[in-house]
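Scroll down for the structure; my scribbles are underneath it.
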Amino acid sequence: IAAHETVIGCVARLSPEKDVTNLLEAFALVSARFPDTRLLIAGDGKSRATLGWHAELLGVAARTHFLGNLD
């Protein structure tokens with residue numbers, strides 16, 4: 001991540017009740033206007049694969065980074 005980029009972060013269990021899909025949709029709107037924005041998602045869960053697919057569908061997968069579980 002470069003010094004000039006804006007970073008949005010999320011720490012959550014990746015499960016449907018956390019609604020990270022809504023975050024991805026909002027991020028798609030933000031990144032369309034501000035292409036130097038990155039989304040970092042820390043956490044893991046049963047929705048991880050679906051969220052990755054959704055990021056691809058929205059065209060933000062290259063700017064979305066799934067970090068997994070962190071200590």
Side-chain angles (χ1 to χ4, degrees):
I1 299 195
H4 66 279
E5 293 177 319
T6 300
V7 176
I8 298 169
C10 172
V11 178
R13 183 179 69 251
L14 303 184
S15 58
E17 64 273 9
K18 298 296 184 174
D19 199 16
V20 178
T21 300
N22 195 36
L23 172 63
L24 288 172
E25 291 171 2
F27 178 63
L29 296 173
V30 169
S31 66
R33 182 152 182 209
F34 303 100
D36 287 337
T37 304
R38 303 278 181 224
L39 175 60
L40 304 181
I41 300 174
D44 205 357
K46 62 184 176 182
S47 295
R48 168 58 185 93
T50 302
L51 292 168
W53 172 83
H54 200 68
E56 289 280 344
L57 182 69
L58 293 168
V60 296
R63 294 183 302 276
T64 301
H65 306 277
F66 291 92
L67 306 175
N69 286 329
L70 301 174
D71 291 330

Q) So if you build clusters from Ile, Leu, Val, Met, Phe, Trp, Tyr with side-chain heavy-atom gaps below 4.5 Å, do Leu67 and Val7 land together? A) yes
Q) Nearest 0.5 Å, what's the OG1-CH2 distance between Thr21 and Trp53? A) 9.5 Å
Q: Quick one: pull up CG in Leu58 and CG in Leu29 and give me the separation to the nearest 0.5 Å.
A: 9.0 Å
Q: Measure the OG1-CZ distance between Thr64 and Arg38 for me, rounded to the nearest 0.5 Å.
A: 9.0 Å
Q: With rounding to the nearest 0.5 Å, note down the distance linking NE2 in His54 to CG in Asn22.
A: 8.5 Å
Q: Kindly indicate whether the side chain of Leu23, heavy atoms from C-beta on, has any atom under 4.5 Å from the side chain of Leu39.
A: yes
Q.
Any non-hydrogen side-chain atom of Leu70 less than 4.5 Å from a side-chain atom of Val11?
A. no
Q. Given the rule that I, L, V, M, F, W and Y join up when any side-chain heavy atoms are under 4.5 Å apart, are Val60 and Leu40 in one cluster?
A. no
Q. Under a 4.5 Å cut-off applied to non-hydrogen side-chain atoms, are Arg63 and Thr37 in contact?
A. no
Q: Could you tell me the separation between the NE2 atom of His65 and the CD1 atom of Ile41, rounded to the nearest 0.5 Å?
A: 10.0 Å
Q: Indicate yes or no: at least one non-hydrogen side-chain atom of Phe34 is less than 4.5 angstrom from one of Thr6.
A: no
(Q) To the nearest 0.5 Å, what is the distance between CZ on Arg48 and CG on Asn69? (A) 11.5 Å
